[in-house]
Amino acid sequence: MRPNWDQYFMEITQVVAKRSTCLRRHVGAVIIKDRHILSTGYNGAPSGLLHCLETGCIREKLDVPRGERHELCRGLHAEQNAIIQAAVHGVQIKGGTLYSTTFPCVLCAKMLINAGIVKIVYHGSYPDQLSLEILQEANIIVEEWNY
């Protein structure tokens, strides 16, 4: 059966998430516009650095709850990497839609707002009420995808 566009892009996020090197959660993100993929990203350490698979997870060792103390993590979030990859390759993402395997945290939400993303489609919750509040304030369309 041929998937509709939302299903198609959400399935791609799941494949992208398989590249993640995070020990706690594998997240994939895809930025699209006019039904074309502009950029992808997954969570993991910056290019050229050892991955958490090799170094271990600081937040895990300190028993930090999910959604807290982002500054302790050596990795970038999938949404951040998708924005960065677009910038590195000179791809305009303003007016685009982000598809993600997980609801964005507040740090990513702020970046997505400033990057000009107009819609977010996600599957999977994340404990960050402030993120939802600022996305609503910025009039970003937010839709939870259910398979």
Side-chain angles (χ1 to χ4, degrees), residues 1-49 51-53 57-60 64-147:
M1 180 162 124
R2 187 173 190 219
N4 66 34
W5 288 107
D6 283 340
Q7 186 176 15
Y8 174 70
F9 292 121
M10 286 305 295
E11 288 180 11
I12 292 171
T13 66
Q14 292 175 338
V15 173
V16 173
K18 291 179 181 181
R19 293 279 306 152
S20 171
T21 58
C22 179
L23 298 173
R24 297 181 109 187
R25 180 185 293 220
H26 292 203
V27 180
V30 177
I31 299 174
I32 67 104
K33 188 172 181 181
D34 299 325
R35 297 182 179 163
H36 294 280
I37 296 171
L38 302 178
S39 183
T40 66
Y42 53 87
N43 56 329
S47 297
L49 300 185
H51 296 287
C52 299
L53 294 169
C57 177
I58 297 167
R59 293 173 70 231
E60 194 73 28
V64 175
R66 294 182 191 279
E68 296 180 15
R69 305 289 315 269
H70 298 285
E71 75 278 6
L72 294 176
C73 180
R74 69 184 286 115
L76 292 158
H77 289 185
E79 303 92 332
Q80 294 167 343
N81 272 326
I83 293 168
I84 292 166
Q85 286 305 306
V88 166
H89 296 288
V91 176
Q92 172 66 260
I93 60 173
K94 184 176 182 179
T97 296
L98 174 93
Y99 286 83
S100 179
T101 57
T102 304
F103 184 78
C105 74
V106 70
L107 297 174
C108 291
K110 291 185 281 188
M111 291 180 190
L112 293 165
I113 291 166
N114 276 5
I117 296 299
V118 297
K119 182 178 178 181
I120 296 170
V121 181
Y122 73 95
H123 178 76
S125 64
Y126 193 78
D128 199 328
Q129 183 61 33
L130 181 57
S131 177
L132 178 60
E133 290 171 10
I134 69 167
L135 289 169
Q136 289 172 338
E137 184 179 341
N139 294 314
I140 306 293
I141 299 165
V142 178
E143 295 179 0
E144 183 173 11
W145 173 253
N146 294 306
Y147 290 93

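By convention here, the first residue in the shown sequence is residue 1. Everything numeric in this text was worked out from a predicted model, so none of it was measured.
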- Item | All salt bridge (charged side-chain N to carboxylate O under 4.0 Å, His left out) counterparts of Lys110, not counting sequence neighbours | none
- Message: Would you say that Ile120 contacts Phe103 through its side chain, given a criterion of any heavy-atom pair below 4.5 Å between the two side chains?
- Response: no
- Query: Of all residues at least two apart in sequence or in a different chain, which pass the ring pair (Phe, Tyr, Trp, His ring centres under 6.0 Å) check with His70?
  - Reply: His77
- Message: Return the OG1 to CG distance between Thr21 and Leu49, rounded to the nearest 0.5 Å.
- Response: 10.5 Å
- In short, Ser131 meets Ala109 closest at the heavy-atom pair OG-CB, 3.4 Å
- What orientation do Tyr8 and Trp5 show, parallel under 30°, tilted 30 to 60°, or perpendicular over 60°? perpendicular
- Considering residues at least two apart in sequence or located in another chain, which fulfil the side-chain contact (heavy atoms from CB on, under 4.5 Å) criterion with Val15? none
- Message: Quick check for you: to the nearest 0.5 Å, what is the distance between Ile32 atom CD1 and Ile117 atom CD1?
- Response: 9.0 Å
- Query: Is there a donor-acceptor pair closer than 3.5 Å between any side-chain N or O of Lys33 and the backbone N or O of Lys94?
  - Reply: yes
- Who pairs with Glu60 by side-chain hydrogen bond (donor to acceptor under 3.5 Å, both in side chains), at least two apart in sequence or on another chain? Arg24
- Query: Would a distance-only check, ignoring hydrogens and angles, find a side-chain to backbone donor-acceptor pair under 3.5 Å from Asp34 to His36?
  - Reply: no
- Item | Distance (rounded to the nearest 0.5 Å) between Leu130 CG and Leu107 CG | 9.5 Å
- Message: Which heavy atom of Tyr122 sits nearest to which heavy atom of Val142, and what is that distance?
- Response: CE2-CG1, 3.7 Å
- Task: With sequence neighbours left out, write down each residue that passes side-chain contact (heavy atoms from CB on, under 4.5 Å) with Thr13, or none if nothing qualifies.
- Result: Met10, Val30, Tyr99, Thr101
- Task: Provide the full list of side chain to side chain donor-acceptor pair (under 3.5 Å) pairs with a residue in residues 79-91, sequence neighbours left out, each pair given once.
- Result: Gln85-His89
- Glu137: what forms a salt bridge (charged side-chain N to carboxylate O under 4.0 Å, His left out) with it, not counting sequence neighbours? none
- Pair listing, side chain to side chain donor-acceptor pair (under 3.5 Å) test, anchored in residues 37-49, at least two apart: Arg19-Tyr42, Ser20-Asn43
- Note on the structure: Interatomic distance, OH@Tyr126 vs OG@Ser100, rounded to 0.5 Å, equals 11.0 Å
- Can you name the residues that form a salt bridge (charged side-chain N to carboxylate O under 4.0 Å, His left out) with Arg25, not counting sequence neighbours? none
- Note on the structure: Interatomic distance, CZ@Arg59 vs CG@Leu23, rounded to 0.5 Å, equals 11.5 Å
- Query: In Å, rounded to the nearest 0.5 Å, how long is the span from CD1 of Ile93 to CG of Leu98?
  - Reply: 8.5 Å
- Message: Test of understanding: with salt bridge (charged side-chain N to carboxylate O under 4.0 Å, His left out), list the residues that count as partners of Glu133, not counting sequence neighbours.
- Response: none
- Could you tell me whether the side chain of Pro104 reaches within less than 4.5 Å of the side chain of Leu135, counting heavy atoms only? yes
- Residues two or more places apart in sequence or in another chain: which of them pass side-chain contact (heavy atoms from CB on, under 4.5 Å) with Ala138? Ile113, Ile140
- Item | Qualifying residues under side-chain hydrogen bond (donor to acceptor under 3.5 Å, both in side chains), relative to Glu144, sequence neighbours excluded | none
